[in-house]
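By convention in this document, chain letters (A, B, ...) are assigned in the order of the sequence lines, proteins followed by strands, and residues within each chain are numbered from 1.
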Amino acid sequence: MSLAKERKLNPRQLATDVLAKLDVSEWCEKVEIAGAGFLNFHLKTSTLAKTLESAARGEHLFFEKASQPRTVVVDFSSPNVAKPMHVGHIRSTILGDSLARTLRLLGHRVVTDNHIGDWGTQFGKLLVGWKTQLNADAILADPIGEMERLYKAVNAASEADPAVLEQAKQELVKLQNGDEENLGIWHEMIKLSEIQFKTIYDRLGVKFDYSLGESFYNPMLKSVVQELRDKGIARESEGAVAVFSDGTLPPKQDPFLKQEDGEWKPNPCLIQKSDGAANYAGTDLATLAYRLQTWHPAEIVYVTDGRQQLHFQQIFATFRRWHPEAKVKLAHVWFGSILGEDNKPFKTRSGETVRLSNLLDEAEERAYQVVSEKNPEAPEGQRREIARVVGLGAIKYADLLPNRQSDYVFSWDKMLALNGNTAPYLQYAYARISSIFRKGGVESAPAGTGGRVSVTLTAPDEMTLSKHLLNFGLVLDAMVEEYRPNYLCNYLYELAGHFARFYEHCPVLKAEPTERATRLVLCTLTALVLRQGLEILGIETLEQM
RNA sequence: GCAUCGGUAGCUCAAUUGGAUAGAGCUUCUGACUUCGGAUCAGAAGGUUGGGGGUUCGAGUCCCUCCCGAUGCACCA
């Protein structure tokens, strides 16, 4: 079809011409022209069966590793020290983790790096709070809550009284100049925060190769700014240092220009504040240079929310001017905001954000209710474990399923739904397959044993399921190409659906020997793809639920 | 004002990037065998894809225009 467009030919005629010159009889039963000029290739059942057999022997799982593995740095999660991780952090964490897992599966070298917010102006206020009104009991019982309280208290006080703000600035300067007491407190705050991060990441099953926070780049900032000035990329403006347009891009594509009242005006990117301290952009440039020099990646992926689009356009454009020779691909994988029911950034009724740990607790609790209802005879410990896997799976899947670029309204019920297009539906399909093997007393997988397997496909539901299995690799490639895990979610949901229909119509254990062997292979392969697919979404599977 | 993203069934979302009759879930209604797990399956109902124009074999998708919403646009990250 696209060929016809390109060559301005009649699609139907072109299809006929192509068909005349085509010989795919090795794989295809027949090729038909349909509709406006589509070529429908009818795959030979024997070809399909052979592909299933080779997969059953463990030779592949319907995808290929990348022919040219690349090094990819994935930057995601990025929580702030002294603040609780809230629902806003979940999308970056889950998205980044699933992208990293998928890239690894496809054979790429992946470096995950958590760019923790451990430096910046908030520490001035935090230090004032720590020194003047720290509650010793609270900091032990709920360190994050106490630090958050301190920050809010000083923040409110400094709005009312400029003297407090001045005090905070001075504490910050002391910290930046290496004051021993302030550095000690700062380290303590980081330590307390890291305990919280680790607890959450352990629950989510998320791991980082590196957690190089903003403070790590502190020693490099001065020279980065100096170099950019020396090269004429950045210059002083109103006391700060900023990057302006160099006029090489068309104005519409130039992130350093904006249109106002019909005129193009400068839209600079500040890399150093007028007080001499670096800001977000300056730190990000230093980070980018460090990553390039340290890991030599072919690609760097930033998973952050959509409000930072302009920021990253400016960072990337600045970097291109700074290192025009660098071939690295820079990708800002952004996602929409989580909104409250009033369509504004999400807050609870009391104005707080929902803590991530509370969300996870609630998910497990709701799943526990369901498990106990469906499975009252199972021992308590097992019910808890099932609830953990199902609850966390539901949350992750709910976050990965929608197109990442759209905002969504937060709702407990939606986030924690256990019916419909949800993780439990996929996990249930997997558990049913496990149950077949348990009941039948048969080994699940001829896979990997090199044993002889023979597949003979006849029933329509067998065919549909088989064809869908073959598409796994295409979906993985598309997911990595577009950084969209929802492609995989939809694929797995359809796979589970096809399996459910197969399960209804095609008895496995009671079938005749030939049929039974084929159907056991289909069960095995479906289970393997489901487990592999869920695993790279960061979702666990269960033999029983 | 300019820019980015979005507006699809009562609700929440898909639609392989321009392809075939726009698909799912939730909700509502109907049905499923002493059967491998009913967290399931089958069926019904529900649509002028925000409005209008254009491009072509073909448009939810691309272009123009208007309406509505979210977000960003100089020292927060």
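- Partner assigned to B/U12 is B/A24, using Watson-Crick or G-U wobble distances below 3.5 angstrom.
- Of the two residues contacting RNA chain B, namely A/A277 and A/N490, the nearest-nucleotide position lying further toward the 5' end is that of A/N490.
- Picking from B/A14, B/U40, B/C73 the nucleotide with the shortest atom distance to the side chain of A/L310 gives B/C73.
- Because its NZ or CZ atom is both nearer than 6.0 Å to the ring centre of A/F244 and within 45° of the ring axis, A/R235 counts as a cation-pi partner of that residue.
- Closest to the side chain of A/N267, from the set B/C36, B/C73, B/C75, is B/C73.
- Ion pairing between A/D284 and A/R291 fails under the 4.0 Å rule for side-chain N and carboxylate O.
- Dashed line: the shortest gap from a side-chain N or O of A/S406 to OP1 or OP2 of B/A14 is under 4.0 Å.
- Nucleic acid contact class of A/Y493 (heavy atoms, under 4.0 Å, all strands): sugar-phosphate only.
- Here A/N486 reaches the OP1 or OP2 of B/A15: one of its side-chain N or O atoms lies under 4.0 Å away.
- You'll find the ring centres of A/F197 and A/H89 outside the 6.0 Å limit.
- Under 4.0 angstrom from either OP1 or OP2 of B/G38 there lies at least one side-chain N or O belonging to A/R432.
- No engagement by A/V241 is indicated, since no non-hydrogen atom pair under 4.0 Å with the nucleic acid exists.
- Distances from the side chain of A/Q405 to the nucleotides B/C76, B/U4, B/C5 place B/C5 closest.
- With B/A77, B/A39, B/G37 as the candidates, the nucleotide lying closest to the side chain of A/K439 is B/G37.
- Residue A/K273 places no side-chain N or O under 4.0 Å from the OP1 or OP2 atom of B/A74.
- A/P268 comes within 4.0 angstrom of a nucleotide base, judged by non-hydrogen atoms across all strands.
- When distances run from any side-chain atom of A/M545 to the nucleotides B/A39, B/A74, B/A77, the shortest one goes to B/A39.
- A/K252 comes within 4.0 angstrom of the backbone, heavy atoms only, and of no base.
- Residue A/V508 places its side chain closer to B/C36 than to any other of B/G37, B/C36, B/C75.
- For the pair A/W334 CH2 and B/G6 P, the interatomic distance rounds to 6 Å; values are reported in whole Å.
- In this structure, B/U17 shows a glycosidic angle within 90 degrees of zero, which is the syn conformation.
- Note: CG (A/L542) to C1' (B/G37) measures 14 Å, nearest angstrom.
- B/A42 and B/U30 make up a base pair, with Watson-Crick or G-U wobble contacts both under 3.5 Å.
- Distance from the side chain of A/Y487 is smallest to B/A15 among B/C36, B/C13, B/A15.
- For B/A77, the OP1/OP2 oxygens have no side-chain nitrogen or oxygen of A/Y280 closer than 4.0 Å.
- Considering only side-chain N and O atoms, A/R501 lies under 4.0 angstrom from the phosphate OP1 or OP2 of B/A42.
- Among the protein residues, A/C506 comes within range of the nucleic acid bases, having at least one heavy atom under 4.0 Å from a base atom.
- Regarding contacts with the backbone of B/C5, every side-chain N or O of A/Y408 stays at 4.0 angstrom or more from both OP1 and OP2.
- Contact annotation: A/K258 does not reach the phosphate of B/G72 (side-chain N/O to OP1 or OP2, under 4.0 Å).
- Taking the P atoms as reference points, B/G60 lies 12 Å from B/G23, given to the whole Å.
- Here the C1' atom of nucleotide B/A15 and the CG atom of A/N403 are 11 Å apart, to the nearest Å.
- A/R531 and A/T541 share no donor-acceptor pair across their side chains, judged by distance under 3.5 Å alone.
- Counting non-hydrogen atoms under 4.0 angstrom, A/Q427 reaches nothing in the nucleic acid.
- Taking 4.0 Å as the cut-off between side-chain N and carboxylate O, A/E385 and A/R388 count as a salt-bridged pair.
- Across the P atoms, B/U16 and B/A59 are found 16 Å apart, a figure rounded to whole Å.
- The separation of B/U28 from B/A45, taken at their C1' atoms, amounts to 8 Å, rounded to a whole angstrom.
- The residue A/E482 sits close to a base: some heavy atom pair falls under 4.0 Å.
- Between B/A77 and A/K83, no contact under 4.0 Å exists linking OP1 or OP2 to a side-chain N or O.
- Looking at A/Y302 and A/Q308, their side chains never bring a donor and an acceptor atom within 3.5 Å of each other.
- Taking the P atom of each, B/G1 and B/U61 are spaced 25 Å apart, rounded to whole Å.
- The C1' atoms of B/A22 and B/U4 are separated by 26 Å, rounded to the nearest whole Å.
- Residue A/E238 places its side chain closer to B/A74 than to any other of B/G38, B/C2, B/A74.
- A salt bridge does not link A/K169 with A/D275: none of the charged nitrogens is closer than 4.0 Å to a carboxylate oxygen.
- Residue A/R484 is classed as a base contact, given a heavy-atom separation below 4.0 Å to a base.
- A/Y493 pairs with exactly one of A/Y425, A/Y487, A/Y428 by the ring-ring contact (aromatic ring centres under 6.0 Å, His included) rule, that one being A/Y425.
- Distances were taken from every side-chain heavy atom of A/S435 (C-beta onward) to each of B/C76, B/G37, B/G1; the shortest belongs to B/G37.
- Distance noted for atom P between B/G58 and B/G54: 13 Å (whole Å).
- Nucleotide B/C73 forms a pair with B/G1, judged by Watson-Crick or G-U wobble geometry with both contacts under 3.5 Å.
- Of the candidate nucleotides B/A74, B/U40, B/A14, B/U40 has the atom nearest to the side chain of A/A500.
- Residue contacts for A/S237: at a heavy-atom cut-off of 4.0 Å it reaches a base atom on one of the strands shown.
- Between A/R384 and A/E365, at least one side-chain N (NZ, or NE/NH1/NH2) sits under 4.0 Å from a carboxylate O, which counts as a salt bridge.
- Separation of the P atoms belonging to B/A3 and B/U65 is 10 Å when rounded to the nearest angstrom.
- In this structure, A/A240 reaches the bases: a heavy-atom distance under 4.0 Å links it to at least one base atom across the strands shown.
- One P atom belongs to B/G10, the other to B/U55, and the distance between them is 32 Å to the nearest Å.
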